[in-house]
Colleague: 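Below is one structure. I have some questions about it.
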Protein chains: 4
Amino acid sequence: MANSTDDMLHQAQLFNDFTAKQKLIIIAAIDVFAEKGYAATSTKEIAARAGVAEGNIYSRFTNKRGLLNAIITPVLDQMFPAELDDFIKSRLNQDYMSLETFLTVLIQDRITFLQSNAQIIKIVLSELLNDTQVRKRVINNFTAQYWQTMTHDLTVLKQRGVLVDWPFEDILRAIWSTTSGLILGFLYFNQPLDAETVNHSISATIKALSPK
Amino acid sequence: MANSTDDMLHQAQLFNDFTAKQKLIIIAAIDVFAEKGYAATSTKEIAARAGVAEGNIYSRFTNKRGLLNAIITPVLDQMFPAELDDFIKSRLNQDYMSLETFLTVLIQDRITFLQSNAQIIKIVLSELLNDTQVRKRVINNFTAQYWQTMTHDLTVLKQRGVLVDWPFEDILRAIWSTTSGLILGFLYFNQPLDAETVNHSISATIKALSPK
Amino acid sequence: MANSTDDMLHQAQLFNDFTAKQKLIIIAAIDVFAEKGYAATSTKEIAARAGVAEGNIYSRFTNKRGLLNAIITPVLDQMFPAELDDFIKSRLNQDYMSLETFLTVLIQDRITFLQSNAQIIKIVLSELLNDTQVRKRVINNFTAQYWQTMTHDLTVLKQRGVLVDWPFEDILRAIWSTTSGLILGFLYFNQPLDAETVNHSISATIKALSPK
Amino acid sequence: MANSTDDMLHQAQLFNDFTAKQKLIIIAAIDVFAEKGYAATSTKEIAARAGVAEGNIYSRFTNKRGLLNAIITPVLDQMFPAELDDFIKSRLNQDYMSLETFLTVLIQDRITFLQSNAQIIKIVLSELLNDTQVRKRVINNFTAQYWQTMTHDLTVLKQRGVLVDWPFEDILRAIWSTTSGLILGFLYFNQPLDAETVNHSISATIKALSPK
DNA sequence: AATGAATGAGACTTCATTCAT
DNA sequence: CATGAATGAAGTCTCATTCAT
């Protein structure tokens, strides 16, 4: 499946440091990696799809894994942002910030992110399951700053009595399960990602995490 | 990582049609496929880990993919069961069956299933992302009978007013997202799967799917 | 240049631990390595010359360097023997052992050895110049036992007053320079290795190392 | 190992026809060729070590082998000089010229030459073993004029009765074996090249070639 | 049935060389 | 003239699969 125009525009932003030909390689690699998986993809096929000589891959990315890393790194780095959305940041410490607003902004933001990077997300996901190194990077990115930011904010909500008093792990899992379920259905099973569907998921999460 | 004793006992049941030597191959293949992914695993490594000659793989399983299919088929076939748990079946049509009981039994059952087949689930999951054929089989298994069974039961609950009035897709996604999130955390990120954690997930799902 | 019949008989003894097909590979590799050097030889050419599939090289010898090592190891191990020729051993401690006899037996023995392993010697020599690892192995083989054996015997000859009183290094260099010069002329410049030529070299060494 | 200052000064003389940038390439190539051998060296590494673009190699030296030839040619041309040292020339036809003087001057001169061109000598040596073309050039340089000059002078010494009456091949081999043994020990095995060591080698050669 | 040696296509990668800038 | 990106042939090595024993 070829990248959509939107994807290509978005990827153009992610890979600004690369030359035009390098971008061709990256675009092609994203396509094939997302379709068949990293291990089942040959550099020959990538080169052919990019319309360049195979050697280019190695002069720019050192080796096949270097190409993979160049692709997934920017997405990995943005997957668990160190800072929350400005809107949330500005209102969270004010007493009128509801759980509903918090979760809505949070989940919407991540859905937009995941959808914008659909193809790369597929690759990251597949490697997450198969590659210990990638898994470690994800865990690291998660714990490094995101965890602290989130737990800080969740604590505020807990103290205000609008959030269920569970361990943060369970709360975060609930949020991410819903978000991921939505995206995976969209990415792999042609399920819609329209406003109503998203709203149901957000609504489900809000209810799930509200105290009884 | 080697299979646990529980896994091996469970797998012994799944693969009763195979000879002892074939089971050795299957056990070994499950281990390596789950660890590194199908594409990154060589038949030589499987044979070595099983302690048999490489040729044995081909005499019974035709080829590498045949071995994969032999492994994932029984799990695929049970992943979306055509019939619900006896307890649910017996009570669902009675008016005192609560959403809470329904979801608790349903989710508990799938968690038990997924956990019992942890290694194979990893393999199925990875192939789901990378292999169109496997994805089609999953979709097929899902829609064939499970969908009808579930929608029938969910309809009953909806009519009784204890279930939110959303499309079945959204309801099923909510259930499966929670369940999968729990299992994936357990399988890939060393998260616990103890009673409290499971209860929180189930509780979250119940709240999520209850009408306001 | 193909191996001579003598070489092949000799090599059959050196490589007894290998199967027939492995020996074919070794014979072919010796030929090409000796002719063009290790680095300039492709495994494809070796396989073609041996009449086997290229993969065989890797299943038996791990990699290209493994094949080189299999070839040079037995020769390296015999190049600087830990024990001298029986004849020398038996007579050296007797008072009538002359320097002439000592050197004649010693040099003749090494010439026979070097000539019998002509092709492999070429390979060893080339690697000696280009590969630090091989150089270390040679130095190690030299110092491990050969040095002690030789210096012990040379000491006896010195004490008897029939050997020039130089450092052992200089004496050994004189012996090996002559021997090597003879062999290299034979191997690379089509010079003869007949009795008269050898006798002149031995005679030169005897005179060179006799006290004035 | 980088070139010593002496080497660089010496090389500056050998490669006067080249521009500064070309000399940088030559210096770098000498280093790497001497260390790993011609075949195992990439032009990319040479360019990197020289601090120039890879294309420069090709604009002046045509190709990799052209670079090798540019390096070894001046040394090959001087290895077997057509004319002997002035001192020898002037005195050889006089009756008081001793074998001792002859060999001392001759060997000292070659040792100085070989030592001054140590790195290039390593390259020449390695190619001598692996490359038929280089071997032919050496043989040609040897036979072209050096052989005639030497045999002429050796004949004088023979007639005067101060030189052993062997074929010239054997005499020249004795001289060159000793000289080469000295240099090789110095180049590859960290052996000393001090006055005493050299004197022993020269002394050995004199004795070896004196009539009994 | 079982073995694992053998095969050869094809994977990843290197590298001498070219050529547009 | 200088650069180094680009090329693609060729190299090393892997691996699914076959088949003689």
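Numbers restart at 1 for each chain; the letters A, B, ... are given by sequence-line order, proteins then strands. Computed from heavy atoms alone, side chains included, the values below leave out hydrogens, waters and symmetry copies.
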Colleague: For B/Ile57 and E/dT3, what is the distance between atoms CD1 and P respectively, to the nearest whole Å?
Modeller: 11 Å
Colleague: Report yes or no: do D/Gln119 and D/Asp31 form a side-chain donor-acceptor pair below 3.5 Å?
Modeller: yes
Colleague: Does the side chain of A/Thr73 come under 3.5 Å of the side chain of A/Arg137 through a donor N or O and an acceptor N or O?
Modeller: yes
Colleague: Could you walk me through whether D/Phe61 and D/Asn56 pass the side chain to side chain contact (heavy atoms under 4.5 Å, CB included) test, one step at a time?
Modeller: CA-CA 8 Å; D/Phe61 302 101; D/Asn56 289 302; over 6 Å; no
Colleague: Should B/Tyr58 and B/Thr43 count as side-chain neighbours, where that means a heavy-atom distance under 4.5 Å?
Modeller: yes
Colleague: Using atom CZ of A/Phe61 as one end and atom P of E/dT14 as the other, report the distance to the nearest whole Å.
Modeller: 15 Å
Colleague: Quantify the bending of the helix from E/dA2-F/dT21 to E/dT21-F/dA2 as the angle between its end axes, each fitted on five pairs, to 10°.
Modeller: 0°
Colleague: Rounded to the nearest angstrom, tell me the gap between atom CG in C/Leu24 and atom P in E/dT7.
Modeller: 10 Å
Colleague: Could you tell me how far apart B/Gln22 (CD) and E/dA1 (C1') are, to the nearest whole angstrom?
Modeller: 11 Å
Colleague: Verify the contact: side-chain N or O of B/Asn56 to OP1 or OP2 of E/dT3, cut-off strictly under 4.0 Å; return yes or no.
Modeller: yes
Colleague: Could you check how far CD1 of A/Ile25 sits from C1' of E/dC12, rounded to whole Å?
Modeller: 15 Å
Colleague: Can you find a pair of side-chain heavy atoms, one from A/Leu125 and one from A/Tyr188, that are under 4.5 Å apart?
Modeller: yes
Colleague: Among E/dA5, F/dG4, F/dA6, which nucleotide has an atom closest to any side-chain atom of C/Arg60?
Modeller: E/dA5
Colleague: Residues in side-chain hydrogen bond (donor to acceptor under 3.5 Å, both in side chains) with C/Ser42, at least two apart?
Modeller: none
Colleague: When you measure from the centre of the six-membered ring of A/Tyr38, is the NZ or CZ of A/Lys64 closer than 6.0 Å and no more than 45° off the axis?
Modeller: yes
Colleague: Among C/Lys122, C/Lys136, C/Arg65, which residue meets the salt bridge (charged side-chain N to carboxylate O under 4.0 Å, His left out) test with C/Glu127?
Modeller: C/Arg65
Colleague: Would you mind building the protein contact string for nucleotides 11-21 of chain F? One character per nucleotide, 5' to 3', B for base within reach (heavy atoms under 4.0 Å), S for sugar-phosphate only, - for untouched.
Modeller: SBBB-BBB---
